[in-house]
Amino acid sequence: MSAAGGRAASAPLVGGAGEPTMFELSAPGRRAAQLRATTVAARAIEEMIPAAHRRLDDLETADLAERDLVGHFTRLSARQYSVDLGAYPLGSCTMKYNPKVADEVAALSGLAHVHPAAPASLTQGWLELLVTLEERLCAITGMAAATLQPAAGAAGELTGLLLIRAYHRARGDERRRVLIPDSAHGTNPASVTLSGYEVTTVPSNERGLVDLVALEERLGPDVAGIMLTNPNTLGLFEEEIEQIAALVHGVGGLLYYDGANLNAILGRARPGDMGFDVVHMNLHKTFATPHGGGGPGAGPVAVGASLAAFLPGPRAVRAGDGFAWATPERSIGRVHGWHGNALVLARALAYIEIHGGEGLRAVAEHAVLNANWLRRRLADVLPAAYERPCMHECVLTASALKEATGVRALDVAKSLLDEGFHAPTVYFPLVVEEALMVEPTETESAETVEALAQALERIVARAHEDPAALHEAPRTTPVGRVDEARAARHLVTTEDAARRNGLR
Amino acid sequence: MSAAGGRAASAPLVGGAGEPTMFELSAPGRRAAQLRATTVAARAIEEMIPAAHRRLDDLETADLAERDLVGHFTRLSARQYSVDLGAYPLGSCTMKYNPKVADEVAALSGLAHVHPAAPASLTQGWLELLVTLEERLCAITGMAAATLQPAAGAAGELTGLLLIRAYHRARGDERRRVLIPDSAHGTNPASVTLSGYEVTTVPSNERGLVDLVALEERLGPDVAGIMLTNPNTLGLFEEEIEQIAALVHGVGGLLYYDGANLNAILGRARPGDMGFDVVHMNLHKTFATPHGGGGPGAGPVAVGASLAAFLPGPRAVRAGDGFAWATPERSIGRVHGWHGNALVLARALAYIEIHGGEGLRAVAEHAVLNANWLRRRLADVLPAAYERPCMHECVLTASALKEATGVRALDVAKSLLDEGFHAPTVYFPLVVEEALMVEPTETESAETVEALAQALERIVARAHEDPAALHEAPRTTPVGRVDEARAARHLVTTEDAARRNGLR
Amino acid sequence: MPTYLPHTPAEDEAMLAFLGMTSMDELFAHLPAAVRLAGGLDLPPGRSELDVLDDMSALAGRNAAATMTCFAGAGAYDHEIPPVVRALASRSEFVTAYTPYQPEVAQGVLQALFEYQTLVSRLSGLPIANASLYDGAAALVESLNLAAGAQGRSRIVLSSGVHPHWRAAARTFAAGTGHQIEESPLVEGVTQWPTAPGEGVAAVVVAYPNYLGYLEDLDAARALADASGALLIVAIDPVAAALVRSAASWGADVVIGEGQPFGTPLSFGGPYLGLFAVREDLVRRLPGRIVGETLDAAGRRAFVTTLRAREQDIRRERATSNVCTNQTLMAVTAAVQLGWLGSQGLREVAERCASGAHELFERALKIPGVAPYAPAPFVREFALRLDRPAREVLASMAEHGVLGGVAARSLVGEGDASLSPGGEDVVIVTVTERHRAPDLDAYEAALRAAVAR
Amino acid sequence: MPTYLPHTPAEDEAMLAFLGMTSMDELFAHLPAAVRLAGGLDLPPGRSELDVLDDMSALAGRNAAATMTCFAGAGAYDHEIPPVVRALASRSEFVTAYTPYQPEVAQGVLQALFEYQTLVSRLSGLPIANASLYDGAAALVESLNLAAGAQGRSRIVLSSGVHPHWRAAARTFAAGTGHQIEESPLVEGVTQWPTAPGEGVAAVVVAYPNYLGYLEDLDAARALADASGALLIVAIDPVAAALVRSAASWGADVVIGEGQPFGTPLSFGGPYLGLFAVREDLVRRLPGRIVGETLDAAGRRAFVTTLRAREQDIRRERATSNVCTNQTLMAVTAAVQLGWLGSQGLREVAERCASGAHELFERALKIPGVAPYAPAPFVREFALRLDRPAREVLASMAEHGVLGGVAARSLVGEGDASLSPGGEDVVIVTVTERHRAPDLDAYEAALRAAVAR
Ligand SMILES: Cc1ncc(COP(=O)(O)O)c(C=O)c1O
Ligand SMILES: Cc1ncc(COP(=O)(O)O)c(C=O)c1O
């Protein structure tokens with residue numbers, strides 16, 4: 001017999017059991033779907049599809065009544081942490097509050113129900129929206145033009161690198177290497193490889209910044225460019241950015257700005273003014289479009305004037321009184337199946353229009369204020385890896401704690417879950433031992449940041465008293481600490497595999 | 001300092017703390033509201049409102065950022081059981097699955113954004129909807145006409161009783177008493193009193209039905225009528241309904257049908273055919289409009305032709321090609337501020353139109369099937385108070401269990417929470433000792449009903465092994481067993497009272 | 001045949017077999033043959049929910065009023081409801097929950113109601129608020145019952161300034177309770193109270209502002225109540241309450257009102273939200289549910305419905321109210337909306353309403369054929385006297401896309417003591433914070449055109 | 001200035017004071033003066049969210065396409081999304097969660113992804129599916145990278161029947177990876193494969209059905225792959241997959257596709273959902289995330305992202321994919337939509353699409369000036385050859401409220417090997433289960449009028 005669809009035991013509110021999979025809930029013959037009445041005559045499949053192409057078996061998915069479907073996914077949602085429940089101080093991820101108004105924007109039927117291949121004359125509203133967003137993003141970053149196609153930050157990186165490549169190539173200049181600081185996010189080196197360049201790592205200096213000497217050593221005429229985030233992944237502003245720019249430009253290289261940390265500088269500084277040539281933005285970070293449990297995002301790429309001709313196409317552009325599609329003359333081509341994650345773009349535009357310039361600056365100021373306040377507040381509890389003013393996030397280290405108590409950053413993170421906070425990012429960036437990367441974001445109040453500090457304080461105190469307890473955290477969550485190694489060793493990624501493995 | 005708005009500890013998912021009140025979260029100067037730009041000039045209050053009428057102090061409500069508002073109410077929602085999470089076998093309440101389509105119906109801007117005093121010419125859609133619903137409800141109950149004004153079942157009862165009163169009065173017939181079986185829902189006697197009649201209680205016989213002899217003894221020319229639900233609150237069909245009707249009508253009394261249990265007989269029997277003169281329906285039960293944590297409901301009242309002239313007004317009626325408002329000539333008057341709980345009515349109509357006659361009959365059949373199956377399944381675990389075929393619900397009794405173990409119906413109910421089910425209705429109807437009134441409803445699957453049975457089985461077994469554990473249930477819920485006596489003894493119903501009492 | 005049943009035919013069979021049956025008919029075999037429905041219900045066949053949604057959308061499309069600029073008020077107000085309030089109040093845990101009979105798994109609704117009670121208490125100035133009644137009219141009816149019970153009397157002195165529909169409902173239910181309702185007429189828009197009310201008065205009831213929008217001096221009502229040993233019941237507009245003296249400060253014993261302006265759309269009149277607050281010593285007569293704070297077995301804070309002994313399910317025929325299902329979801333919504341507004345936002349909304357209303361009032365008076373109905377002060381709603389029948393004027397304004405107000409006569413019966421003789425020409429106009437300058441311009445133009453016609 | 005900040009000015013001050021500062025400027029004092037922005041951003045001033053919502057609604061209103069009957073497909077399909085799917089997929093726990101880095105508090109998303117993977121696996125017939133890629137185009141790009149890596153080769157034989165935009169994206173990214181993409185043209189709507197592909201082919205890629213709607217015999221593609229030691233990559237239409245032979249049964253090693261038809265609205269092209277499934281032995285080359293089942297410390301079932309060592313954050317420059325943020329919410333939505341459809345509903349939808357398409361096809365052919373583009377079989381999408389340029393015909397159909405399809409030329413560049421010379425006259429027409437008889441009638445009438453013009 002299949003599982004009980006109306007049993008709430010898996011909701012953390014009651015019980016404590018696991019939630020059956022939809023396949024365990026499935027019972028043949030059940031269904032939720034009600035299709036509209038139709039007067040289009042049904043045809044036999046034999047009339048339509050030649051035998052050689054007909055499906056051999058009946059496809060079995062999962063058969064649930066609507067009631068059980070609702071129960072299942074509602075209970076799953078209850079087993080999921082989210083920004084709407086509480087703080088999510090995941091450094092590098094910028095999990096800030098996502099205004100609900102954007103949900104209504106994305107649900108507007110005049111935006112959501114538009115076919116992407118409909119002619120421009122029938123989609124003028126969308127084209128205007130895209131053009132406006134592009135203009136806003138250029139104003140915010142100090143760049144000349146942008147593509148909205150990339151679907152996430154990493155896609156933006158690769159797009160940007162291909163733009164750099166096209167730029168050099170157009171000048172007959174085949175270059176080989178891209179420089180990346182050792183603190184960089186993993187997508188940076190991966191994107192470099194995919195763009196056909198080789199990665200050259202630049203070490204950080206003792207201040208957590210790009211080591212200028214080391215940089216210079218690695219520069220040469222075969223360097224296509226450098227990828228930086230500023231503030232960098234340690235939450236520190238690359239104060240020597242002008243020198244860096246001069247050095248890289250000096251050898252004919254370009255500067256790529258990874259905009260994952262743009263939240264820190266909105267209205268206070270612009271990548272374009274720092275000398276960057278290419279900038280990607282993570283709209284799902286800086287402009288508060290919700291992360292959706294891992295996506296969708298959007299990763300527009302803005303460029304200086306000298307790279308505009310290479311942008312992917314088609315791009316929405318102003319054309320007389322209206323708007324049209326146009327492909328830049330030396331375009332690298334398309335980087336998305338259509339025009340990018342359009343509904344995410346619409347959300348971001350709404351966010352920008354609500355804030356305006358002053359509002360965005362206030363966002364950055366308060367992101368930086370919260371992070372610095374927390375860093376100072378925790379100085380005696382979990383020291384920052386670099387004791388200097390940080391920007392919107394700071395990297396703490398549990399290495400002393402580990403030495404003293406055996407409690408690792410991971411244990412601290414898991415313990416924080418029991419305290420009612422999502423864990424910070426751990427073990428990133430790689431250059432810091434036992435890293436805990438904390439980004440409170442500007443939408444958390446002083447009280448919340450203080451509560452987070454107190455929770456960390458309690459955890460550290462407990463680490464000294466009863467370290468074993470922390471190794472066993474979390475204990476108040478729907479499941480306890482998850483055995484990740486086992487998952488990789490005994491790979492079970494579908495219900496069918498689970499059945500084959502005797503797990504059902 | 002106020003509480004941390006971004007701390008999720010009160011979500012059952014993590015932590016286990018309590019949730020601060022919105023007043024504890026409040027910090028002066030914070031706000032969520034963004035009002036539209038306006039060019040209407042603001043006027044000084046002094047210009048508009050004479051001093052004698054001006055507010056003396058500033059009204060303080062609660063001041064929260066949108067992020068904290070969202071966190072707070074999202075966490076509160078996570079502390080709340082609901083149909084969408086799991087089964088809710090609350091007898092008498094008919095907590096069935098509420099189709100999501102109805103949420104979209106109620107959100108249609110052409111329904112939701114209509115002012116109730118807008119002229120009929122501008123609200124023809126609404127009038128048609130009301131007329132159609134009235135016609136459907138009459139077809140379902142076998143009555144001639146209906147009012148949609150009553151906002152819930154109890155309001156329907158009082159309306160119906162006032163109709164009975166008006167009917168008698170119009171015949172110069174002042175009657176005094178209304179008969180009610182001892183198993184009746186509390187709203188019935190309360191409504192009788194409010195209608196100016198006196199309650200005469202009719203005992204149930206050993207079969208759980210109206211005792212005909214006792215009924216006859218209580219009948220007389222001063223009896224205005226009898227209120228029955230059929231099936232009654234024991235889930236049993238009043239098989240002698242024809243005799244009852246004949247007896248009551250014989251003395252000139254009318255029959256009132258409490259439709260809370262209409263779910264059991266949809267398409268299988270109609271109150272009108274049983275001899276009832278007045279019928280209220282709980283749309284929030286039978287027609288699956290969601291209960292909203294305690295309301296809103298809707299309690300339309302349908303009547304036979306002889307009472308139609310007394311119905312509340314205005315009523316939407318057909319008028320030529322269109323629809324108009326009309327007040328019945330001898331109307332008892334208005335029973336609602338406007339036209340009733342209109343958006344609830346729209347939901348119910350959608351439910352009825354989706355099901356059609358056959359669908360509604362299937363609803364009743366499966367409601368009765370589930371209940372009888374459960375009753376039989378539990379025969380050796382928790383016996384039914386009356387061992388006979390039940391309708392859509394059945395009343396079990398824990399009195400033997402209590403005698404044997406000291407475990408009461410309440411303990412069983414609380415233990416069920418830990419098993420991942422909402423508790424049944426307990427200690428109602430009053431005529432059954434240690435009553436557990438179970439109504440699985442038709443939207444729960446066989447598997448769910450079986451799981452419920454197994455959970456009760458486990459609980460009863462535990463009652464024999466470790467009764468103390470059951471007295472302490474529930475243990476996996478956000479709060480443990482709540483001290484109701486204390487709440488009444490130390491009355492604290494507002495944040496301000498809590499402050500005055502030193503609780504904050 | 002669309003349904004929401006999980007049962008497959010095979011399961012039906014197996015379940016029936018467990019009961020020793022082979023058909024659904026047998027489940028109903030014990031129903032007397034005469035009442036068994038043979039032919040099925042006379043309803044159109046079922047249709048998929050998507051088809052039905054189409055139909056309902058088509059019906060919705062036939063409500064022209066939905067898309068007009070709405071200056072109609074009179075107890076139902078077109079306020080802003082922001083996305084965040086919609087999102088929170090529609091969370092399915094709130095929507096699909098039942099009455100919090102099991103507090104251990106209902107802290108969400110219970111705490112929200114506790115917060116709602118606090119907010120209503122602060123708005124009204126009275127210490128105790130219940131967890132909602134059906135609507136403003138129901139609140140009035142319940143308040144009369146409360147007063148009659150508390151004072152052991154049955155005469156009610158009711159200002160005709162109370163909303164006509166509420167008064168009508170009060171009259172309807174008085175047929176059951178036997179209360180004698182005596183209306184005090186409006187003269188020049190304000191109540192003319194009886195000078196010597198006589199014996200046996202349970203309550204004096206007044207609206208502040210009254211349904212024509214006017215603010216009355218409540219000292220007179222309070223004095224009358226004192227003189228007759230009656231309770232003073234005040235019906236408030238909860239938005240105006242942010243600006244005007246609290247009912248409690250005027251000496252109200254009971255405050256009632258319509259809570260729809262807090263987050264509930266116009267909804268063609270329902271579901272709305274009956275506000276109800278009382279003095280501390282009246283708590284045991286409070287109709288409906290009330291949530292109290294207490295502790296759980298482990299000493300943690302918890303909320304629970306309390307003073308249950310008042311309610312119908314326990315007190316039965318001796319209960320003073322029969323209310324069971326109430327308007328909880330609207331109460332939760334009100335708490336969310338008030339949380340969104342905050343102290344400052346609520347005041348700003350009220351001020352915007354008032355500023356707009358006073359501007360529109362002045363602009364309207366400049367139109368020939370338009371005069372104030374009475375000289376009394378108002379907040380955000382006012383009454384005009386027109387040269388032509390109000391309904392006709394409104395109909396022609398509607399042609400310009402403006403719902404120009406509510407014809408006072410459409411609310412009241414002939415001979416109602418709230419309108420001076422005639423009254424066909426009186427229109428009640430409401431301005432909310434949603435109206436902006438172009439809306440006021442449109443109003444003025446439409447009214448000018450309509451009156452001139 | 002509207003923001004979502006909780007901070008009050010007093011709190012700002014206190015927090016700054018704790019840092020020994022008196023102004024926000026000091027927080028940025030360490031930024032070199034030259035890069036500090038003096039004048040603020042050149043943006044219009046902020047406006048309330050309600051004002052902005054108004055503006056966005058106005059923009060939305062300028063998309064005439066939104067209200068037309070949509071026969072456009074070509075990789076983006078107008079399927080029914082019922083209220084229940086909208087309600088579940090929009091639960092804020094799913095929407096506002098991050099990547100499930102902490103599995104203990106992310107079982108909701110993780111389990112939904114596990115279910116999604118199962119569904120994609122069953123649809124494709126391959127055992128391993130990932131937890132989503134950006135869209136169909138991204139899935140193609142990643143599949144080429146996977147094949148090149150797995151086979152240690154760089155030549156790709158790509159059918160021109162694969163969606164033109166996906167092919168374009170593949171070409172764009174090949175500039176970085178250095179893959180040599182060789183397109184095999186369509187002749188009469190089906191791929192003409194090279195007879196002797198030669199050395200170094202990593203993958204043979206084909207679409208089933210292809211972008212013109214035609215079903216190709218995949219034996220030829222499989223044979224070619226075998227002959228060249230390449231992987232066979234098949235791009236599927238996941239709705240058609242309910243009716244046609246599974247890609248796996250044709251011998252696909254990798255299946256890719258666009259998952260938008262499962263619960264995601266047309267959305268002007270995104271966010272969509274890249275489907276990706278592989279043979280068991282390719283799992284360690286899988287791009288993106290994959291969720292596995294495991295146990296928690298107490299031995300309870302739990303889900304977690306697994307094989308993380310493949311991913312960019314660990315493997316860095318040696319990673320085979322850079323994907324990080326993916327399309328999880330769309331994957332969760334697809335699981336909900338497929339749960340709603342059920343096995344039977346999915347088949348019914350596919351059958352309705354096919355029945356409607358075949359009927360419309362026949363009706364279209366009766367119109368003078370309309371001919372089939374090719375004689376090959378199709379499922380729910382087909383290509384017509386018109387007497388006049390397709391774009392003009394579509395424009396005039398639009399005047400009748402019908403979005404009559406997609407002009408094939410608007411998808412492909414000049415000289416694309418998927419259209420026989422010319423091709424300005426080719427229109428791709430799609431029918432979904434949302435189309436009913438009157439819609440087909442409207443189509444026929446609009447097309448007849450347009451072609452005749
Ligand atoms: C610094 C940095 N760069 C790049 C990325 C990649 O962005 P996305 O996940 O949108 O692909 C991230 C994402 O976490 C990041 O933190
Ligand atoms: C048998 C019965 N009658 C009447 C009522 C009262 O209906 P309402 O709560 O809608 O006022 C109920 C409600 O539970 C009931 O079960």
Side-chain angles (χ1 to χ4, degrees), chain A residues 31-33 39 43 53 63 73 76-77 79-84 101 108 110-118 122 125 139 151-152 154 186 189-191 195-196 199 274 292-297 333-334 337-338 341-342 353 356-357 359 365 368 445 477 479-482 486-487 492 494-495, chain D residues 3 6 24 27 35 41-43 45-46 49 52 59-60 62-66 72 88 91-93 96-97 99 103-105 107-109 118 134-135 137 168 172 176 215 265 268-271 292-294 296-297 302 306 312-313 316-317 319 322 325-329 340 342 345 355 406 437:
Chain A
R31 69 182 285 169
T39 45
R43 298 187 173 212
H53 288 288
D63 299 306
F73 283 101
L76 283 186
S77 78
R79 294 164 75 82
Q80 178 62 48
Y81 198 93
S82 63
V83 172
D84 278 10
V101 66
L108 284 169
L111 296 183
H113 298 136
V114 180
H115 194 283
L122 305 178
S191 298
S195 71
V199 171
M274 299 178 204
R334 203 175 243 301
W338 297 101
N341 280 347
E353 299 300 79
E365 289 167 353
V368 174
S445 65
T477 46
V479 296
R481 207 177 286 195
V482 169
R486 183 193 172 90
V492 174
T494 64
E495 186 78 2
Chain D
T3 71
M24 292 287 186
L27 289 169
V35 310
L41 292 172
D42 184 18
L43 295 178
E49 55 175 34
V52 171
L59 280 180
R62 292 205 278 283
N63 292 317
L88 293 173
R91 285 195 58 84
S92 71
E93 292 88 339
T96 75
T99 305
E104 297 83 2
V105 293
Q107 289 296 301
V109 163
T118 303
Y134 305 135
D135 65 358
T172 303
L215 290 168
F268 205 49
E293 180 171 324
T294 183
D296 79 350
T306 191
Q312 42 69 29
D313 54 333
R316 301 182 70 84
E317 60 264 30
N322 69 341
T325 292
N326 59 15
Q327 308 285 119
T328 297
L329 189 61
W340 177 72
S355 297
V406 175

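Sequence lines set the chain letters: A, B, ... in the order given, protein chains first and strands last, and positions in each chain run from 1. Just so it is clear, the values below take in all heavy atoms, side chains as well, and ignore hydrogens, waters and symmetry mates.
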I'd like to know if the side chain of A:Gln80 and the backbone of A:Leu76 have a donor-acceptor N/O pair within less than 3.5 Å.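 No; zero donor-acceptor contacts below 3.5 Å.
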Using atom types as modelled and distance alone, determine if a side-chain donor or acceptor of A:Asn341 lies under 3.5 Å from a backbone N or O of A:Gly297.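 At least one qualifying donor-acceptor pair exists.
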Taking side chain as everything from C-beta outward and backbone as N, CA, C, O, which of these in D:Leu215 sits under 4.5 Å from a heavy atom of chain A? Side chain, backbone, both or neither.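 Contact with chain A is through both the backbone and side chain of D:Leu215.
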Is chain A contacted by the side chain of D:Thr306, its backbone, both, or neither, given a heavy-atom distance below 4.5 Å? side chain
Chain D heavy atoms under 4.5 Å from A:Leu108: which part of the residue, side chain, backbone, both or neither? side chain
Under a 4.5 Å heavy-atom cut-off, does chain D meet the side chain of A:Val479, its backbone, both or neither?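 It is both, since atoms from each part get that close.
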Do the side-chain N and O atoms of D:Thr328 and D:Asn326 include a donor-acceptor pair separated by under 3.5 angstrom? yes
Who pairs with D:Glu93 by salt bridge (charged side-chain N to carboxylate O under 4.0 Å, His left out), at least two apart in sequence or on another chain?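 Partners of D:Glu93 by the salt bridge (charged side-chain N to carboxylate O under 4.0 Å, His left out) criterion, ordered by chain and then number, come out as C:Arg91, D:Arg91.
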Heavy-atom pairs under 4.5 Å with chain D: which of [options] has the most?
options	result
A:Gly292, A:Gly196, A:Ala487, A:Ala152	A:Gly292
A:Arg79, A:Glu495, A:Glu365, A:Arg43	A:Arg43
A:Ala151, A:Gly356, A:Ala139, A:Ala190	A:Ala190
A:Gly186, A:Gly293, A:Ala32	A:Gly293

Choice from [options] maximising heavy atom contacts with chain A below 4.5 Å:
options	answer
D:Pro45, D:Gly345, D:Pro265	D:Pro265
D:Thr325, D:Leu329, D:Thr118	D:Thr118
D:Ala64, D:Gly46, D:Gly292	D:Gly46
D:Gly342, D:Gly269, D:Ala137	D:Gly269
D:Asp42, D:Val109, D:Asp313	D:Val109
D:Ala437, D:Ala66, D:Ala97, D:Ala60	D:Ala97

List in chain and number order the residues that pass side-chain contact (heavy atoms from CB on, under 4.5 Å) with A:Ala154, two or more places apart in sequence or in another chain; answer none if no residue qualifies. A:Thr187, D:Tyr134, D:Asn322
If I take atom CD from residue A:Glu353 and atom CG from residue D:Leu43, how far apart are they, to the nearest 0.5 angstrom?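 It is 7.5 Å, given to the nearest 0.5 Å.
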Quick one, [X] and [Y] - any side-chain contact, counting heavy atoms below 4.5 Å?
X	Y	result
A:Val482	D:Thr294	yes
A:Arg481	D:Glu104	yes
A:His115	D:Val406	yes

